[in-house]
Peer 1: 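Take a look at the following structure, please.
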Amino acid sequence: MAVARRTAKSVWDRFSASDPGLLRLMAGLRTVGAILLALAVLALVGTSVTHLVAGAMTAMVATFAIQEKEVRGQAITLALGLPVALAAISLGALLNSRVIAGDLFFVMLIFGAVYSRRFGDRGTALGLIGFQVYFVSLFVSASVSALPELFLTLTIAFVCSAVARFALVPETPERTLARLREAFRARLAQLVAHQIELLDADAGDVDAVLADLRRSTARLHEAALMIQGRLEEGTRDASAAALLQRRVADAEIAAERLGVLLLNARSAERVETLTLHLPNASAAMPARARIAQDAGSALRRDLRALHLLVVRLVPDDRGTALPHVRNRLLGYREEQGLPQGSPAVQDCFRAVGEAARAIVGLRLAVHAAQDEEYDTPEAARSREEFEAEEISISGEAAAAAEEEPTGLRRPTTRAAVQVSVGSALAIVGGEFLSTQRWYWAVLTCWVVFLNTASTGEILVKGYRRLVGTVLGVVAGVALAGAVGNHTWIAFALVLLCVFGMFFTAPLSYALMSFFVTAMLGLLYTLLNTYSLDVLVLRVEETALGAACGIIAAVLVLPVRTSHRTDEELGTVLARLRDVVSAAVAQLSGGPAVDLVDLARDLDTALDDLRSSTKPLTHPIAPLRARRQNARYVVALLETCAYHARSLAATAELVPSSKSVAADARLALAGRRITHNIDLIAAHVRDEETGGEIESGASIASMLDSGRHEVLRTGSVAFRVLRHLQRLDEGIVGLARPLGVPLSAREEKAAGARGVG
């Protein structure tokens with residue numbers, strides 16, 4: 001029984017890690033629940049199949065359109081959505097027979113629906129409900145005589161959506177945050193497990209383990225960002241949110257640092273930190289060497305102990321075994337009981353101690369104090385540090401208001417104009433293909449503009465929708481043939497397609513389009529309008545809509561992909577400079593600032609940059625050199641962000657820790673880095689600069705006084721200098737792919753290293 005329980009927990013941990021916070025699962029279940037409930041009620045009322053389809057589609061729209069986090073806000077938006085839906089279905093029925101007036105209104109509706117995104121989640125939801133319900137009226141060929149029954153159908157659908165949202169599959173910020181914390185724990189446990197595999201792996205298996213390690217690190221970072229996005233609504237006050245945010249950041253950085261140091265220890269030579277992050281890094285790694293047997297056994301034991309701490313992060317166990325393991329690992333931070341080994345291996349033991357401390361801090365932030373009676377002096381000091389940090393966390397920090405663009409420069413206005421022009425083209429072209437189902441081209445044009453900000457993103461999204469649609473047509477033919485005239489079997493398969501659509505939407509747009517098209521084949525079967533010609537027409541209309549969207553994006557107020565990536569790159573560099581300068585200032589004895597917030601802004605900017613470069617790095621991108629260059633730049637920035645976060649985490653310890661002291665000499669070490677970042681940022685903004693990238697002596701050698709004390713292996717100053725050195729190297733490495741002039745000495749050194 002115990003084995004079965006452990007196996008079930010392991011399987012659940014894997015699923016939880018693959019779907020952070022179970023957000024995709026909950027979205028799918030909530031939408032399917034709303035549709036199922038609406039179908040059940042409408043069937044009891046005795047409505048026709050056409051109105052069953054209208055009710056199912058409306059319930060789906062009313063459920064997925066609302067994305068607000070607060071329950072009260074969701075209820076208000078849902079209540080406002082019903083009159084919007086009734087107005088949309090009424091206008092659809094009235095204008096159904098008036099082609100020109102209906103088309104003009106549809107374009108105006110599309111403009112308003114997209115423009116309303118500027119009003120936040122509520123504006124976005126109401127605009128989406130208005131557009132989609134008008135689309136429903138076209139799909140079921142709504143007429144004025146059928147409006148009373150349609151009003152009843154839509155009202156039932158909205159009520160069922162509310163029941164599913166607030167009763168059947170309730171979603172509160174607190175529950176979401178709790179599930180996200182559990183996902184973070186599961187992903188942290190997976191990362192530590194892969195680190196153990198890295199330690200044990202034979203030379204031939206290291207590449208595969210490294211791939212798993214990189215994937216686990218990226219997933220842990222994703223979960224951390226998702227937690228930070230839910231903190232304000234999911235915690236009792238601002239102080240609790242700030243505390244949890246700091247503990248999550250500490251745990252992520254400690255785990256990432258441990259992986260880097262293990263990789264260094266595995267190598268016969270000291271592998272640079274860049275190795276873990278750069279693409280195809282494993283091919284450039286030197287031959288691996290086995291860690292000495294005794295040290296390797298001890299490190300393996302301690303990594304398994306660390307994994308145990310993560311797995312039992314929730315305090316549901318009693319006894320002295322776990323506190324004893326925790327105390328031993330915490331002692332490594334202060335050289336207590338540190339096993340013998342090479343400097344690289346001893347760095348790993350210290351990193352295990354830091355990771356254990358971060359896990360203890362995360363547990364305290366979530367569940368308060370536990371097992372204090374078993375504390376050793378080292379564990380007690382860690383608790384005191386945590387308490388001092390908690391006391392030092394102040395209330396809210398006023399965010400500086402950023403200047404927003406106005407007029408046609410505003411993203412929502414520009415997108416509204418682009419979608420309207422593209423939709424007008426799609427209406428005209430769609431009418432030539434089919435006077436009855438032209439609206440599929442309009443829907444595709446609308447969809448390819450959702451959550452896109454550049455021409456390249458629209459092109460990639462249109463391509464993915466077309467691929468998913470073609471595959472969905474094949475599935476639709478097979479399903480429609482299998483279902484025949486069995487109405488409720490068809491509805492059951494529709495529900496499966498809806499669940500697949502929402503469960504896969506964040507993962508693959510092509511997969512989502514596949515499920516949408518397969519569902520449409522079933523809906524056409526229910527409406528007795530199914531034929532192979534209809535599904536082929538669906539592909540043609542999809543291709544037309546994607547083409548119209550791309551034409552509008554290229555010709556009407558275009559935002560070139562390179563322009564957007566340059567903007568995002570400039571933002572990342574600015575955020576990187578903020579973190580580095582603030583961390584170095586605090587490490588040098590300057591005033592304390594909220595470095596965790598600055599680090600989170602850097603992570604957010606880096607995620608936006610990754611998103612903006614996807615069209616450049618997509619396999620269909622024709623320029624191979626540009627694709628490789630974009631990947632290289634993003635990889636270097638990820639490495640720099642890792643070291644900046646690590647600096648920030650160390651600087652956060654200065655005000656409250658008894659073992660981490662400020663060093664005024666570090667201010668000098670950060671000046672060259674910030675100068676180089678400023679120079680690269682100015683070059684990205686196309687500003688005239690007369691300077692060159694500064695390089696020369698290593699960061700450590702710049703601190704000439706007391707050098708031997710500063711560079712003591714394992715000391716905090718040694719760690720800080722190592723991160724600064726890697727940052728310096730990473731920033732200099734950015735100069736060449738971005739075309740920033742290097743000094744003559746650095747140009748020569750880069751040529752000797754084969755950079756470029």
Side-chain angles (χ1 to χ4, degrees), residues 38 42 45 47-62 65 77-116 123-159 161 416 419-447 520 523-524 526-529 534 537 541 545 548:
L42 290 171
V45 173
T47 57
S48 64
V49 172
T50 300
H51 291 141
L52 283 175
V53 170
M57 295 179 71
T58 303
M60 179 177 69
V61 171
T77 304
L78 194 59
L80 293 174
L82 179 57
V84 170
L86 295 178
I89 200 81
S90 300
L91 288 167
L94 288 169
L95 299 174
N96 191 25
S97 58
R98 297 170 175 82
V99 177
I100 296 177
D103 290 349
L104 289 175
F105 174 76
F106 202 10
V107 173
M108 292 172 57
L109 175 63
I110 289 168
F111 179 90
V114 177
Y115 187 78
S116 66
T124 302
L126 295 179
L128 190 56
I129 288 172
F131 171 83
Q132 293 285 3
V133 172
Y134 190 88
F135 174 82
V136 170
S137 73
L138 298 174
F139 187 77
V140 300
S141 301
S143 61
V144 175
S145 60
L147 279 179
E149 192 171 354
L150 283 171
F151 282 177
L152 176 63
T153 298
L154 265 61
T155 303
I156 290 173
F158 267 78
V159 171
S161 175
V419 177
S420 300
V421 172
S423 298
L425 293 174
I427 288 173
V428 174
E431 290 277 8
F432 280 107
L433 286 176
S434 170
T435 56
Q436 292 182 317
R437 295 183 176 84
W438 53 268
Y439 44 78
W440 288 122
V442 181
L443 181 66
T444 299
C445 182
W446 157 280
V447 169
L520 289 174
L523 291 178
Y524 280 132
L526 290 168
L527 295 173
N528 294 317
T529 56
V534 168
L537 178 65
E541 296 278 4
C548 291

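This one's a predicted model, so the numbers in the text were calculated from it and none came from an experiment. All values below were derived from every heavy atom in this structure, side-chain atoms included, with hydrogens, water molecules and symmetry-related copies excluded.
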Peer 1: Taking V419 as the fixed residue, which of V107, V442, V114 is the one that meets the side-chain contact (heavy atoms from CB on, under 4.5 Å) rule?
Peer 2: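 Output: one option passes, namely V114.
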Peer 1: Looking at every non-hydrogen atom in both residues, tell me the closest pair between G81 and I129 and how far apart they are.
Peer 2: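 What the structure gives for the nearest pair is O-CG2, 3.8 Å.
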Peer 1: Can you confirm whether F106 sits close enough to L95 that some side-chain heavy atom of one is under 4.5 Å from a side-chain heavy atom of the other?
Peer 2: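 No; the side chains remain at least 4.5 Å from each other.
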Peer 1: Would you compute the distance between atom CG of L150 and atom CG of L154 and round it to the nearest 0.5 angstrom?
Peer 2: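 With rounding to 0.5 Å, CG (L150) is 7.0 Å from CG (L154).
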Peer 1: Please check if the number of heavy atoms outside Q436 that lie under 6.0 Å from its CD is greater than 12.
Peer 2: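 Not more than 12 within 6.0 Å, no.
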Peer 1: Enter the distance from E149:CD to L42:CG here, rounded to the nearest 0.5 Å.
Peer 2: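 Here the interatomic distance stands at 9.0 Å.
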Peer 1: Output the distance between atom CG (L91) and atom CE (M108), rounded to the nearest 0.5 Å.
Peer 2: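 Result: 10.0 Å between the selected atoms.
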Peer 1: Are side-chain heavy atoms of V53 and F139 found at a separation under 4.5 Å?
Peer 2: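 V53 reaches F139 side chain to side chain.
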Peer 1: Return yes if some donor-acceptor pair links the side-chain N/O of N96 with the main-chain N/O of A142 below 3.5 Å, else return no.
Peer 2: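 Between the backbone of A142 and the side chain of N96 there is a qualifying donor-acceptor contact (under 3.5 Å).
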Peer 1: If every non-hydrogen atom of G127 is compared with every non-hydrogen atom of S116, which pair is closest and at what distance?
Peer 2: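 Smallest interatomic distance, heavy atoms only, reads CA-OG, 3.7 Å.
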Peer 1: Would you call the rings of W446 and F131 parallel, tilted or perpendicular, taking 30° and 60° as the class edges?
Peer 2: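 Parallel, since the angle between the ring planes stays under 30°.
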Peer 1: Check C445 against A426 and note the closest heavy-atom contact, atom names and distance.
Peer 2: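 So the minimum-distance heavy-atom pair works out to CB-CB, 4.5 Å.
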Peer 1: State, to 0.1 Å, how close T47 and H51 come at their nearest heavy-atom pair, and which atoms those are.
Peer 2: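 That would be CB-CB, 4.0 Å.
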Peer 1: How many angstroms lie between atom CD of Q132 and atom OG of S137, to the nearest 0.5 angstrom?
Peer 2: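 Answer rounded to 0.5 Å: 11.5 Å.
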Peer 1: What's the separation between atom CH2 in W440 and atom CG in L520, rounded to the nearest 0.5 Å?
Peer 2: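 Going from CH2 on W440 over to CG on L520, the span is 4.0 Å.
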Peer 1: Among side-chain atoms of S48 and T50, is any donor-acceptor pair under 3.5 angstrom?
Peer 2: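 There is no such pair (donor and acceptor under 3.5 Å, judged by atom type) between the side chains of S48 and T50.
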Peer 1: If you compare all heavy atoms of L86 against all heavy atoms of I89, which two are closest, and at what distance to 0.1 Å?
Peer 2: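 That closest heavy-atom pairing would be O-CG2, 3.2 Å.
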Peer 1: Rounded to the nearest 0.5 Å, how far apart are CZ of F105 and CG of L109?
Peer 2: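 One finds 5.0 Å between CZ of F105 and CG of L109.
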Peer 1: How about F151 and I156: do any of their side-chain heavy atoms sit closer than 4.5 Å?
Peer 2: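 Heavy-atom side-chain distance check fails, nothing below 4.5 Å.
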Peer 1: Among L433, D103, V99, V428, which residue meets the side-chain contact (heavy atoms from CB on, under 4.5 Å) test with W438?
Peer 2: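 Filter result, single survivor: D103.
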Peer 1: T58 and F158: which non-hydrogen atoms are nearest, and at how many Å?
Peer 2: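 The pair with the smallest heavy-atom distance is CG2-CE1, 3.7 Å.
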